[in-house]
Number of protein chains: 4
Amino acid sequence: MIVVIKPRAAENEIQKLMDKIRIQGVDIHYSKGASQVILGLVGDTQAINRNMIASSDIVEKVLSVQEPYKKANRLIHPQDTILEIMGRKVGEGNLTVMAGPCSVESEEQIVSVAKDVQAAGAHFLRGGAFKPRTSPYSFQGMGKMGLELLSIAKKETGLPLVSELMDLQDLDLFEDVDVIQVGARNMQNFSLLKELGKIDKPILLKRGLSATIEEWIMSAEYIMAGGNEEVILCERGIRTFETMTRNTLDLSCIPIIKSKTHLPIIVDPSHATGIRWAVKAMAKAAVAAGADGIMVEVHNDPAHALCDGEQALSPVDFSQLMDSIQKISQIEGKVI
Amino acid sequence: MIVVIKPRAAENEIQKLMDKIRIQGVDIHYSKGASQVILGLVGDTQAINRNMIASSDIVEKVLSVQEPYKKANRLIHPQDTILEIMGRKVGEGNLTVMAGPCSVESEEQIVSVAKDVQAAGAHFLRGGAFKPRTSPYSFQGMGKMGLELLSIAKKETGLPLVSELMDLQDLDLFEDVDVIQVGARNMQNFSLLKELGKIDKPILLKRGLSATIEEWIMSAEYIMAGGNEEVILCERGIRTFETMTRNTLDLSCIPIIKSKTHLPIIVDPSHATGIRWAVKAMAKAAVAAGADGIMVEVHNDPAHALCDGEQALSPVDFSQLMDSIQKISQIEGKVI
Amino acid sequence: MIVVIKPRAAENEIQKLMDKIRIQGVDIHYSKGASQVILGLVGDTQAINRNMIASSDIVEKVLSVQEPYKKANRLIHPQDTILEIMGRKVGEGNLTVMAGPCSVESEEQIVSVAKDVQAAGAHFLRGGAFKPRTSPYSFQGMGKMGLELLSIAKKETGLPLVSELMDLQDLDLFEDVDVIQVGARNMQNFSLLKELGKIDKPILLKRGLSATIEEWIMSAEYIMAGGNEEVILCERGIRTFETMTRNTLDLSCIPIIKSKTHLPIIVDPSHATGIRWAVKAMAKAAVAAGADGIMVEVHNDPAHALCDGEQALSPVDFSQLMDSIQKISQIEGKVI
Amino acid sequence: MIVVIKPRAAENEIQKLMDKIRIQGVDIHYSKGASQVILGLVGDTQAINRNMIASSDIVEKVLSVQEPYKKANRLIHPQDTILEIMGRKVGEGNLTVMAGPCSVESEEQIVSVAKDVQAAGAHFLRGGAFKPRTSPYSFQGMGKMGLELLSIAKKETGLPLVSELMDLQDLDLFEDVDVIQVGARNMQNFSLLKELGKIDKPILLKRGLSATIEEWIMSAEYIMAGGNEEVILCERGIRTFETMTRNTLDLSCIPIIKSKTHLPIIVDPSHATGIRWAVKAMAKAAVAAGADGIMVEVHNDPAHALCDGEQALSPVDFSQLMDSIQKISQIEGKVI
């Protein structure tokens, strides 16, 4: 931790501050530059009361050197985390495809889509039973019934399930769900994250619309700190000034995440763009950029989808996308 | 609702789409321009399946004309909502000041701050018992004990309480809290909003870091749709590229909110700037811009605060701020 | 053009407005909805004084249906623009690689890099002679001498040149430069754009840091409106809240640009990320997303580069990148 | 300057780097922490080749401690800069009001507006002769004729003039203009800034749409480094995700600018909001936040303005605004 002292601070004030810092158990390297003093704190600086330092009147700024995350930190855990879910590997060296409709609508619909995406090569079936909607007047998902229909589709195809949990009180209903999704709007719902740290199921953690990469990793750390280290990160677009796409897909986060953490990262081009004809290009780009997987919305009848039909691929489109993805994965030397 | 058809769409495809729309019970005005056709939908367009239209291959875009909110809509409820909480009015014509520490730390601290802010003219005591923190390793608040200490401070001063609820399971503990705060990170925690719609207590709804004004109003609508119409909006800075302030305080939202809704709006300059010496300027600006109140962090010993001490005012600074605020309120003709 | 009238506007006021609009030579379709009136303007609406309408007190908003660009518009020019520059094709179906150092530093340096990138398969040599730098105290480029050294490198290798023009007064010095680059910070320097519309040389127009896709196309339109239709668009990252990368590379703009315009689009992953080890991933992603080319910084000795060495690839790294790029281009069926 | 070395870097590599740094003439404080080494560079670090350090493979990041600006730096020039322009003071302790139409349209119009704003108490007349417009097909201003009409208005009223320069080749035409405005889109047109550093006239430098405060100050530094120290900063809204206002007015920049620099700062609420009825609130807020002045668009007939009529105040509205502004200025103890 580095403490930049304000120019013209009185020397005795600096000494007082240093005394206060030292009794917290760290060493201080004092450097006097041309215009100001800099203190380098060495030792276990995570235990230090950073606020006490930052609110001192003689301190200009406090800079952290160490990353604030531990369990998610590649520095501490250099090996890639590779999850194994119902026999499928998720993580470095594998390309995982999760596909399915935005929301479950009927048995016929979900079973039909499940079979289609399986035939095209998808590894997981995604489908929403509880839907976070901006408007209280929009369709909010089928709830418990939706999860039951997902179970039927799982039985028929053998595909493991991914579905979003919005409320801890519904957790019991998710027994048959293999990967629990935390939506972008709940990425910093810390009560939810803490509870998910106590369960024994992989969590797919979507990046918040305005979350920095560091905040996103810190939310993974919340889950991991509780004991559940099976976290999959999912980039789904961030909020920017551009309005032609729903959000701006930040693919550069892939090399950054790979460098900072050991967790798998997948990409959702459907929510990011919100435009069917842009999904294919962005899915391919995600794979070329090194993502460990993609999550794509597929609907048997996009024009009559109850939510987000504009961004859903038809089974035929999805099948074509899988062809391209497989070729790029081969170049990258990945199992798909 | 306006549907812009893609240039060169076949006329019979347009007719088919129009048939599909008409059976949903609205009239269509058809306009053929130089390069494309535009359909104006007239009637109860909120009942229409917008997605079905948007995902049609011949549709370029769908534009909404009506606002998606009803209960929060000034058009439908032209009168300003003025709440009355323990004898204090909150809303147009009044300037409400909520002050107190970021987090409750001890009986001595909270009672002392409560008395100080009361003496300076504050109307509400704010204090966090449950704290949303980016890191799982940071102080998470005193929890239940924090709420008990707030109650003591309320007894001693008579000030009504504002405190943040993060988890529905804690709701019972908030009996003595007069205004329940929903934090920025939970603004789109729809499960939480729905439950708060069923209780009989004012809700202070902070704007999410990347929430548009419309999304923010829609979150208020979630609460109101459930039956609880006592919502106070709170601007606390949005996320932008600028890093010298923690967030960017969007004061222009005040005239917009006043024009679109009938709800009270207050401003939190402490979290927005994150810098003690910038709080005063922004608090005054908020009042001059027409805010119905401000929420300011005050701590008896900022340098030893357990959270966010960098942005807390000392009681002396707060008292000086109140002087300025009172003068500007007078110009604006407000009761303070 | 669609004019949304405010709810409760007086009918005679609406009639007056309609009269004012009609005398500008367009037809009006009048639709009366449940809560408000909507006017659909049909005819040559680009000639209309939009401001006069928007500033009327009874108007809520004015929505444009037609795109504001003409010459760049794919609707009007459905065929892809494919430029031919010194025998190399730039545009749909081709993958163009522009490579070279951020700034020209010496004859030895530029000739050496030129030979290296040529050997690896690059088609153009890029190099800065005039450098836009945030600080007046940073190295500002070699100027005229830099352009002379670029000419030498061109003679030695036969590679066409790309270099940035910052000031119209330097135009004469660019005789030997084959593609004139307009930097991100000058994307809306309209005086510069107008003059470049009069010359007979391809322009590489970088997207501004906070330019929407529409504004970017409008800047291309400025050049094209002057008569110079040889414009290459270059995405180089937009400004967002994320700080781990210098900017956020917006690859989703590729399918959008391809849909809205007929112009070639290339991607600069070096400036976007600012991180050497992230350039490779993003260059591959750009090609997979359908870009017509990439522009990459290569330096023979990145650690001693006079500018932006952190993002420059070594010739060896660049050569490896070219291998990957060639494989992805093959999948996409592109000539490289 | 602080250099954070990557964890696990070899000690002999660190020593080599330190040797390379030392020969550039600075001292190094070496700190070995639990997981990594930190180097504190002390001395004239502005002369150092930061790039050489940052591009080293063993360096994680380089943090600057000193501000990169000198002439604009309050640390170096603690006294507020107060300009005197035709007898009017601009800077700390004074509130300066610049008002007038977006663009000059006719002698009648500009003289009439000039007289109106003067009667209401404005100190400067603003008016555009050269207009930066997103579309090449929009009205581009009256050019030379516009400046001649401004001169007439100046003669009639005695008000000093503010007008925007877009192209250096027009500089001679600006002889009668008292303050030359650099528009937001030209804030980093470094060629323009350098030339304006050589003239003897105050420059009003608008903040770029996506410029950080530091970049904005650096652009002022460009002008000042050339010898012209008469720079007025003007906040006019930054680009964010919010679309209900044209841009987001960042009033928090006022205390920041006042703390970091000694230059006057004024605020333009008209361009920031783009909405007539929001201008008044934001103008008042700017004054309450400590701005040294405001710049407001006023038009005698907003509905027929040739540009930006939606945001122009009528003379009557402006006069009412001046009343409020004067009262707030009195509270702040400012001369108006």
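What's counted below: heavy atoms across the whole structure, side chains too, no hydrogens, waters or symmetry copies. Protein chains get the first letters and strands the later ones, always in sequence-line order, with residue 1 at the start of each.
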A.B. asks: Please look at C:Ala312 and chain D and tell me whether the side chain, the backbone, both or neither of the residue comes under 4.5 angstrom of a heavy atom of that chain.
C.D. replies: neither

A.B. asks: Starting at CG of C:Asp167, measure out to CG of D:Leu168 and round the result to the nearest 0.5 Å.
C.D. replies: 6.5 Å

A.B. asks: What is the distance from atom OH of D:Tyr137 to atom OH of C:Tyr222, rounded to the nearest 0.5 Å?
C.D. replies: 10.0 Å

A.B. asks: Could C:Arg239 and D:Glu215 be called an ion pair, given the rule that one side-chain N must be under 4.0 Å from one carboxylate O?
C.D. replies: yes

A.B. asks: Can you tell which part of C:Ser56 gets under 4.5 Å to a heavy atom of chain D, answering side chain, backbone, both or neither?
C.D. replies: neither

A.B. asks: Are side-chain heavy atoms of C:Phe190 and D:Met166 found at a separation under 4.5 Å?
C.D. replies: yes

A.B. asks: Can you tell which part of D:Phe130 gets under 4.5 Å to a heavy atom of chain C, answering side chain, backbone, both or neither?
C.D. replies: neither

A.B. asks: Can you say whether D:Ala184 sits under 4.5 Å from chain C via the side chain, the backbone, both, or neither, judging by heavy atoms?
C.D. replies: neither

A.B. asks: At a 4.5 Å cut-off on heavy atoms, which part of C:Thr212 comes close to chain D: side chain, backbone, both, or neither?
C.D. replies: both

A.B. asks: Does a side-chain heavy-atom distance below 4.5 Å link D:Pro136 with C:Met218?
C.D. replies: yes

A.B. asks: Under 4.5 Å, counting heavy-atom pairs only, tell me which of D:Gln311, D:Lys20, D:Gln140 racks up the most with chain C.
C.D. replies: D:Gln140

A.B. asks: Could you give me the CA-CA distance, side-chain angles and deciding distance for D:Thr134 and C:Glu214, then say whether side chain to side chain contact (heavy atoms under 4.5 Å, CB included) is met?
C.D. replies: CA-CA 10 Å; D:Thr134 307; C:Glu214 187 168 296; over 6 Å; no

A.B. asks: Please flag which part of C:Asn186 lies under 4.5 Å from any non-hydrogen atom of chain D: side chain, backbone, both or neither.
C.D. replies: side chain

A.B. asks: Looking at C:Arg276 and D:Asp57, is there a salt bridge between them, counting it only when a charged N and a carboxylate O are closer than 4.0 Å?
C.D. replies: yes

A.B. asks: Any chance you could measure D:Asp170, atom CG, to C:Ser191, atom OG, to the nearest 0.5 Å?
C.D. replies: 7.0 Å

A.B. asks: Which one of C:Lys194, C:Met187, C:Gln188 has the most heavy-atom pairs closer than 4.5 Å to chain D?
C.D. replies: C:Gln188

A.B. asks: Using a cut-off of under 4.5 Å on heavy-atom pairs, state which of D:Ala54, D:Ser135, D:Pro132 scores highest against chain C.
C.D. replies: D:Ser135

A.B. asks: Search all heavy atoms of D:Pro302 against all heavy atoms of C:Ser55 and return the closest pair with its distance.
C.D. replies: O-OG, 3.4 Å

